[in-house]
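Worksheet for the structure shown next.
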Amino acid sequence: MEDSSNSNSRGFLNTSGVSDRNTEFSPLERVTPRSKPLSVFGSSAHKSSEEDSLGIDDPFVRSLEWGDVSLRQWLDKPERCVDVFECLHVFRQIVEIVNVAHSQGIVVHNVRPSCFVMSSFNHVSFIESASCSDSGSADSLEDGPVSHKKREDAGSYNNILERQVEKLEEEKKQPFPMKHVLAMETSWYTSPEEEFGSTSTCASDVYRLGVLLFELFCPVPSREDKSRTMSSLRHRVLPPQILLKCPKEASFCLWLLHPEPSCRPSMSDLLQSEFMTEPRDNLEEREAAIELRDKIEEQESLLEFLLMIQQRKQESAYRLRDTVSLLSSDIEQVAKRQLVLKQKGSSYSDLGFLEEPSTLLASRKRFRQVIPPEETDDEESQGRSTFLESSRLMRNFKKLETVYFLTRRRQLKAAASGKSLTRHSPLSSENGRGSEKSSVSNSAAPKDLSQNDSRQGGWIDPFLEGLCKYLSFSKLRVKADLKQGDLLNSSNLVCSLAFDRDGEFFATAGVNKKIKIFECDSIVNNNQDIHYPVVELASRSKLSSVCWNSYIKSQIASSNFEGVVQIWDVGRSQLVTEMKEHKKRVWSINISSADPTLLASGSDDGTGASIGTIKTKANVCCVQFPSDSGRSLAFGSADHKVYYYDLRNPKIPLSTMVGHGKTVSYVKFVDSSTLVSSSTDNTLKLWDLSMSASGVNETPLHSFAGHTNLKNFVGLSVSDGYIATGSETNEVFVYHKAFPMPVMSYMFSNTDSTSGLEVDDASQFISSICWRGLSSTLVAANSNGNIKILEMVA
């Protein structure tokens with residue numbers, strides 16, 4: 001008979017209203033993962049290990065993972081309200097499942113809520129699970145009582161299920177602990193004759209249907225009430241509320257719960273009863289209404305989705321329209337300026353003071369011809385195509401576009417608030433450094449342009465200046481290699497480089513405990529085997545930083561790893577004074593250009609300055625005065641922040657710049673209101689001090705990325721808007737303040753500074769870098785002691 005039940009189980013489940021989620025699989029395949037077909041009411045063989053039953057192959061657990069819910073959990077939901085049609089719909093499906101089994105001569109046994117699952121559409125499915133087999137698997141009428149062996153196997157699986165459900169309870173905090181309910185459920189759904197040891201029959205299944213009907217129409221709020229109510233039900237005592245609210249259902253329930261099996265209805269009588277047949281039409285109408293409502297909701301969801309897409313696309317279209325309008329306005333402004341300049345150029349050409357426009361255009365660096373253009377008679381078209389053929393420009397076109405729109409957005413915002421953009425713009429040269437080299441300077445702006453045009457086109461000069469400087473140079477060329485044979489020192493790491501006020505001499509300092517002074521032009525012009533310093537100063541400790549006095553040419557300051565700051569007279573090769581205020585290593589020193597009597601130092605002890613002390617909670621790694629004032633000081637810290645102080649009020653910072661993810665290793669002023677910071681988070685950040693009115697600035701103007709810097713101090717130097725930094729890939733990178741991508745880079749070769757031979761050392765990195773005043777020349781050193789003088793070229 002077990003084989004027959006197996007063969008018919010597929011058809012049996014098809015009538016159970018199994019969820020249609022997996023319509024391509026048969027219901028049996030959905031509820032059981034085993035390859036061998038099994039009886040839908042019980043398994044012919046259980047898994048041998050407890051671990052297998054705890055896996056995802058358990059159909060009960062898997063059905064919950066699919067989004068189905070156990071009928072037991074659904075019945076015991078605290079917020080469940082009795083919906084007559086819904087309860088009858090669920091009850092009808094279970095009656096049909098049991099009827100099919102009885103028509104095949106099978107007693108179900110497990111007509112209990114824990115053996116059924118419900119989908120989100122209230123489709124009820126009978127699950128073949130060990131959780132439903134504590135009273136044995138479904139047996140034929142001829143098989144008689146369930147064997148003792150099956151009961152033992154079922155009991156062990158019940159224990160496993162209880163542990164599974166217990167885990168679910170801990171997560172969901174249900175008021176009805178499933179472990180307790182499952183233990184009680186068996187006794188609730190045991191018929192009177194089974195209690196006296198009689199064989200389970202079809203009438204026993206009918207009794208269980210009566211108990212299930214009672215649970216459907218009589219929700220109980222607490223576990224104690226549940227136990228008390230179900231105990232009373234054994235004696236056919238129903239709560240007053242169900243007798244008053246659902247008299248018809250209560251009467252039908254008592255019929256099914258008759259203590260005499262012969263007095264209970266058969267399945268055919270049950271299906272043909274008025275209770276089951278009367279609401280059928282209403283149920284079908286309700287199901288049709290629910291289905292219609294679901295379709296309407298689906299259409300509403302689709303409509304809402306399409307409307308959302310339409311709204312977003314319209315917003316994108318509005319933004320695109322505004323962008324095109326802005327571009328059209330800017331093109332008109334630039335064309336107007338170009339026309340005025342051409343008219344002026346024509347008048348100067350007539351007097352012989354200016355070259356022809358075509359000759360001038362061809363000589364401009366920014367229109368450098370990378371690919372020979374096709375011959376054309378249109379000079380303007382030729383210039384434009386040459387401009388766009390710049391591979392570097394096209395490679396970074398998207399970033400340049402982003403910077404353009406960022407600049408315009410700031411200009412429009414400043415115009416709306418009545419502020420001037422050019423005063424604090426990072427693209428303009430407030431201190432005049434860039435005016436001599438800029439292709440288009442502020443002084444070159446035509447005076448006959450209207451005031452309104454000047455206000456609307458205020459972004460043009462700084463943006464064009466940055467663009468021209470970005471395109472003016474393309475690479476770094478080695479002007480000279482500094483060859484020094486320091487055979488007595490195994491480590492030649494250069495920690496600091498600095499040029500004097502005139503750019504004539506530069507100093508090197510590092511772990512070899514020496515300050516070496518070299519004459520720059522002598523090294524560039526004389527190709528010698530070994531270059532000797534003009535002055536060499538010896539220190540007691542490893543040196544971390546050097547800085548020249550901008551007023552007294554021969555004076556230089558140094559700091560070391562013991563926390564001592566020293567002032568030297570280079571002309572006499574003598575130590576002038578020592579300051580031992582710091583208790584730990586001093587990382588950085590800086591002498592003010594505006595007030596050369598002021599020197600600031602930053603240390604691991606979290607302090608800076610000497611005539612006054614600024615105490616911080618974290619190590620100070622770098623200090624810097626602005627070029628035009630001795631009253632302000634900026635420093636970077638190990639707490640990932642940059643601080644800007646007014647030294648007249650050192651208790652609180654004027655501005656705190658937050659944005660780096662790791663230690664800030666360097667800060668340098670680009671101009672009086674803009675500074676750049678370097679961090680071991682792989683970035684440089686450009687900050688506008690005028691945007692820090694609230695005291696905290698979390699929005700840098702730019703984040704420069706392209707170099708690698710994760711753990712070492714790699715150097716930072718600024719000149720005329722160009723920002724040079726090192727990289728842990730042994731490269732020098734140069735950025736311009738206007739754009740976040742590198743302008744150029746140069747790779748050091750991995751050579752030994754003493755022997756000059758190539759070495760296989762991937763750990764080498766650039767350790768220090770310094771510009772030679774306002775020129776296009778810089779000096780860079782790496783961790784192996786190699787020093788090169790580099791120059792930017794077109």
Worksheet entry | Test log, rule side-chain contact (heavy atoms from CB on, under 4.5 Å), inputs His660 and Lys685 | CA-CA 8 Å; His660 282 294; Lys685 293 187 185 294; 3.5 Å; yes
Worksheet item: Any donor-acceptor pair under 3.5 Å linking the side chain of Lys662 with the backbone of Leu710?
Response: yes
Worksheet item: Is the shortest heavy-atom distance from the side chain of Leu212 to the side chain of Tyr189 under 4.5 Å?
Response: yes
Discussion item. Side chains of Thr656 and Asn697, heavy atoms from C-beta outward: is any pair under 4.5 Å?
Written reply: no
Worksheet entry | Salt-bridge contact Glu728-Lys711 (side-chain N to carboxylate O under 4.0 Å) | no
Discussion item. Tell me whether the rings of Phe252 and Phe91 are parallel (<30°), tilted (30 to 60°) or perpendicular (>60°).
Written reply: perpendicular
Item to complete: Indicate the atoms forming the closest heavy-atom contact of Pro247 with Leu244, along with that distance.
Response: CD-O, 3.8 Å
Discussion item. According to salt bridge (Lys or Arg N to Asp or Glu O under 4.0 Å), does anything in residues 304-318 pair up with another residue at least two apart or in another chain? List the pairs.
Written reply: none
Worksheet item: Are the side chains of Val696 and Val658 in touch, meaning some heavy atoms are under 4.5 Å apart?
Response: yes
Worksheet item: Leu270 versus Asn99: any side-chain heavy-atom pair under 4.5 Å?
Response: no
Discussion item. Just to verify, what does Glu249 make a salt bridge (charged side-chain N to carboxylate O under 4.0 Å, His left out) with, not counting sequence neighbours?
Written reply: none
Worksheet item: Closest approach of Val95 and Met267, non-hydrogen atoms and distance?
Response: O-CE, 3.5 Å
Worksheet item: Roughly how far apart are Ser301 OG and Asp294 CG, rounded to 0.5 Å?
Response: 10.5 Å
Worksheet, complete the sentence: Taking every heavy atom of Leu216 against every heavy atom of Cys87, the minimum-distance pair comes out as O-SG, 3.4 Å
Worksheet, complete the sentence: Leu406 and Leu701 have their tightest heavy-atom pair at CD2-O, 3.8 Å
Discussion item. As a quick check of understanding, evaluate side-chain contact (heavy atoms from CB on, under 4.5 Å) for Phe405 and Thr323, giving each step before the final call.
Written reply: CA-CA 9 Å; Phe405 284 115; Thr323 300; 3.4 Å; yes
Fill in: Worked verdict on Phe116 versus Ser70 for side-chain contact (heavy atoms from CB on, under 4.5 Å)
CA-CA 6 Å; Phe116 295 90; Ser70 165; over 6 Å; no
Worksheet entry | Shortest non-hydrogen contact from Val82 toward Pro219 | CG2-CD, 3.3 Å
Worksheet item: Is Gln241 atom CD crowded by more than 12 heavy atoms from other residues, nucleotides or ligands, each under 6.0 Å away?
Response: yes
Response to the item:
Taken to the nearest 0.5 Å, the spacing of Ser227 OG from Met230 CE works out to 9.5 Å
Fill in: Closest contact, heavy atoms only, Leu243 versus Ala250
CD2-CB, 3.8 Å
Worksheet item: With a 3.5 Å cut-off and no angle check, do the side chains of Ser665 and Thr663 form a donor-acceptor pair?
Response: no
Worksheet item: What distance do Asn619 atom CG and Ser637 atom OG have between them, rounded to the nearest 0.5 Å?
Response: 7.0 Å
Worksheet item: Do the side chain of Thr683 and the main chain of Phe704 share a donor and acceptor less than 3.5 angstrom apart?
Response: no
Practice prompt. Check step by step if side-chain contact (heavy atoms from CB on, under 4.5 Å) holds for Val117 and Val69.
Written response: CA-CA 5 Å; Val117 292; Val69 63; over 6 Å; no
Worksheet entry | Listed partners of His258 passing side chain to side chain contact (heavy atoms under 4.5 Å, CB included), at least two apart | Arg236, Glu260, Cys263, Arg264
Worksheet item: In chain order, what residues pass the salt bridge (charged side-chain N to carboxylate O under 4.0 Å, His left out) check against Asp225, with sequence neighbours excluded?
Response: Arg228
Item to complete: Check side chain to side chain contact (heavy atoms under 4.5 Å, CB included) between Arg234 and all other residues, then give those that pass, not counting sequence neighbours.
Response: Glu195, Tyr207
Discussion item. Test of understanding: with salt bridge (charged side-chain N to carboxylate O under 4.0 Å, His left out), list the residues that count as partners of Arg208, not counting sequence neighbours.
Written reply: Glu194, Asp205
Fill in: Non-hydrogen side-chain atoms of Lys641 and Met657 separated by less than 4.5 Å
no
Worksheet item: Does any non-hydrogen side-chain atom of Leu88 lie less than 4.5 Å from one of Phe217?
Response: yes
Practice prompt. Decide, yes or no, whether a salt bridge links Arg72 with Glu215 under the criterion of side-chain N to carboxylate O below 4.0 Å.
Written response: yes
Worksheet item: Hey, does Cys253 have a side-chain heavy atom less than 4.5 Å from the side chain of Leu256?
Response: no
Fill in: Distance, nearest 0.5 Å, that separates CG of Asn682 from OG of Ser703
12.0 Å
Worksheet entry | From Thr199 atom OG1 to Glu193 atom CD, the distance as rounded to the nearest 0.5 Å | 10.0 Å
Worksheet item: Does Ser251 use its side chain to pair, donor to acceptor, with the backbone of Lys248 at less than 3.5 Å?
Response: no
Worksheet item: Would you say Phe214 and Thr229 make side-chain contact, with heavy atoms under 4.5 Å?
Response: yes
Worksheet item: Just by distance, do the side chain of Thr190 and the backbone of Thr186 share a donor-acceptor pair under 3.5 Å?
Response: yes
Item to complete: Supply the atom-to-atom distance Asn709 CG to Leu684 CG, rounded to the nearest 0.5 angstrom.
Response: 8.0 Å
